[in-house]
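We count residues from 1, following the sequence as given.
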Amino acid sequence: MRRVYGILGVLCALLLQGCMVGNRYTYGYYTGRSRPLANTHVQRPPHRADIHIVEKGETLYSIAFAYGEDVRTVARWNHIRPPYTIYPNQKLRLSPPPRRTSVTHPASARAAPPPVHARIKRRVTIKNANSSKHVTDQKISWQWPTNGKIISTYSATDVGKKGINIAGKLGQPIYAAASGEVVYSGDGLRGYGRLIIIKHNDAFFTAYAHNRRILVKDDQRVKKGQHIADMGSTEADRPMLHFEVRRDGKPVDPLKYLPRRH
């Protein structure tokens, strides 16, 4: 009898373990659909991590995109310079490095005021930074990435609504919403299916998800209105385009930038 109870106990433990594993490798980011992650090579935990281990096929742009960070910030935290080359198994910091603390002696506790030219330089730098952000908004000419009904809109509070979803038909053309450079094309980001990320300038990026076929490759320059993909349903319940606009790494409402529909 003890032997029977022991066998039953082992079976129950295995069943519980299987359920835990099943939950670990399922997701429902933008479609509400649960599906194993067998077709993706990046199986990232849903919680925020301090360190990311680079997988084959990832770029610094795709990693920064996945974690909602500005690629320039992630590069600075990890002392990586353009063109932001990374390697498989490389450890990337996803938070600022700890600050070094220095011991201040009482005799030198009072710091001397900075030179006049340093203060002027700082004011000029801040002014240029603010003006450049204003210019980046004006330089980009936007268009709609595809035709179709908007079935989901952006939400600043809902994690699953970082952009808009546009319904359509399988094979429907997807166009670049603005001119730029392809910094990622692939299926390595969980929940996005076949994905394209385009860099338009240092501040603005756009993302095109759930594609059936991708017609561009990494590092390729594209023009506004260029046919970059065909609509699909990869990791989605229906044919659709999930479209995002990111400013300084953070999702923003695409409808504020796309031209008004008549």
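Across all their heavy atoms, Leu60 and Ala75 have their closest contact at CD2-CB, 3.8 Å. The minimum heavy-atom distance between Tyr208 and Pro145, with the atom names listed, is CE2-CB, 3.9 Å. Nearest approach of Val222 to Ala176, heavy atoms of both residues: CG2-CB, 4.2 Å. In terms of heavy atoms, Lys56 sits closest to Pro88 at CA-CG, 4.3 Å.
No single ILVMFWY cluster, assembled from side-chain heavy atoms under 4.5 Å apart, contains both Tyr175 and Val182.
Taken to the nearest 0.5 Å, the CG atom of Asp50 stands 13.0 Å off from the CG atom of Leu92. Interatomic distance, Lys149 NZ to Ile151 CD1, rounded to the nearest 0.5 Å: 8.5 Å. We find the OG-CD distance between Ser62 and Glu55 to be 10.5 Å, quoted to the nearest 0.5 Å. The distance from the NE2 atom of His242 to the NZ atom of Lys162 is 8.0 Å, given to the nearest 0.5 Å. If you take CG on Leu94 and CD on Glu69, they are separated by 7.5 Å, rounding to the nearest 0.5 Å. One distance of note links CD1 of Ile197 with CG of Leu195; it measures 4.5 Å at 0.5 Å rounding.
The stretch residues 215-224 participates, sequence neighbours left out, in these side chain to side chain donor-acceptor pair (under 3.5 Å) pairs: Ser141-Lys224, Ser185-Asp218.
Side chain of Tyr154 to main chain of Pro251: a donor-acceptor pair is present (N/O by atom type, distance under 3.5 Å, no hydrogens or angles). Between the Lys199 side chain and the Gly180 main chain, no donor and acceptor come within less than 3.5 Å of each other. Judged purely by atom type and a 3.5 angstrom limit, Asp70 uses its side chain to pair as donor or acceptor with the backbone of Arg72.
Phe205 is not listed as a side-chain neighbour of Arg247, based on a closest heavy-atom distance of 4.5 Å or more. Residues Gln90 and Asn78 are not in side-chain contact: their nearest non-hydrogen atoms beyond the backbone lie 4.5 Å or more apart. Between Val245 and Val252, some side-chain heavy-atom pair lies under the 4.5 Å cut-off. Within the 4.5 Å cutoff, the side chain of Ile198 has no heavy atoms near those of the Val183 side chain. Within the 4.5 Å cutoff, the side chain of Lys161 has no heavy atoms near those of the Thr153 side chain. Counting heavy atoms from C-beta outward, Val54 and Ile63 have side chains that approach closer than 4.5 Å. In this structure, Ile196 and Ile214 have side chains that are in contact, with non-hydrogen atoms separated by less than 4.5 Å. Contact of the Glu235 side chain with the Arg194 side chain is not registered, since no non-hydrogen atoms from C-beta on lie closer than 4.5 Å.
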Q | Residues Thr234, Arg212; criterion side chain to side chain contact (heavy atoms under 4.5 Å, CB included); working and verdict | A | CA-CA 7 Å; Thr234 54; Arg212 182 182 186 180; 5.9 Å; no
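Looking at Ser233 and His210, their side chains never bring a donor and an acceptor atom within 3.5 Å of each other. Between Glu244 and Tyr192, the side chains place a donor N or O and an acceptor N or O closer than 3.5 Å (distance only, hydrogens not considered). Between Tyr87 and Thr85, the side chains place no donor N or O within less than 3.5 Å of an acceptor N or O (distance only, hydrogens not considered).
Geometrically, Arg246 does not engage Phe204 in a cation-pi contact, judged by NZ or CZ lying under 6.0 Å from the ring centre and within 45° of the ring axis.
In this structure, Tyr67 has its ring center under 6.0 Å from that of His52. Not less than 6.0 angstrom separates the ring centroid of Phe65 from the ring centroid of Tyr184.
Leu255 is linked by a side-chain contact (heavy atoms from CB on, under 4.5 Å) to Trp144, Ile150, Ile164, Asp253, counting only residues two or more places apart in sequence or in another chain. By the side-chain hydrogen bond (donor to acceptor under 3.5 Å, both in side chains) test, Thr73 is found to be paired with no residue, residues two or more places apart in sequence or in another chain being considered. Residues satisfying the side-chain contact (heavy atoms from CB on, under 4.5 Å) test with Thr146, not counting sequence neighbours, are Ile166, Gln172, Ile174, Met231, Leu241. Evaluation of the ring pair (Phe, Tyr, Trp, His ring centres under 6.0 Å) rule for Tyr84 yields Tyr61 as partners, not counting sequence neighbours.
More than 12 heavy atoms of other shown residues, nucleotides or ligands fall within 6.0 angstrom of atom CZ in Arg93. Other residues, nucleotides and ligands contribute more than 12 heavy atoms inside 6.0 Å of the CG atom of Asp158.
Ile51 belongs to a hydrophobic cluster whose remaining members, ordered by chain and number, are Ile53; membership requires side-chain heavy atoms of ILVMFWY residues under 4.5 Å apart, directly or through intermediates.
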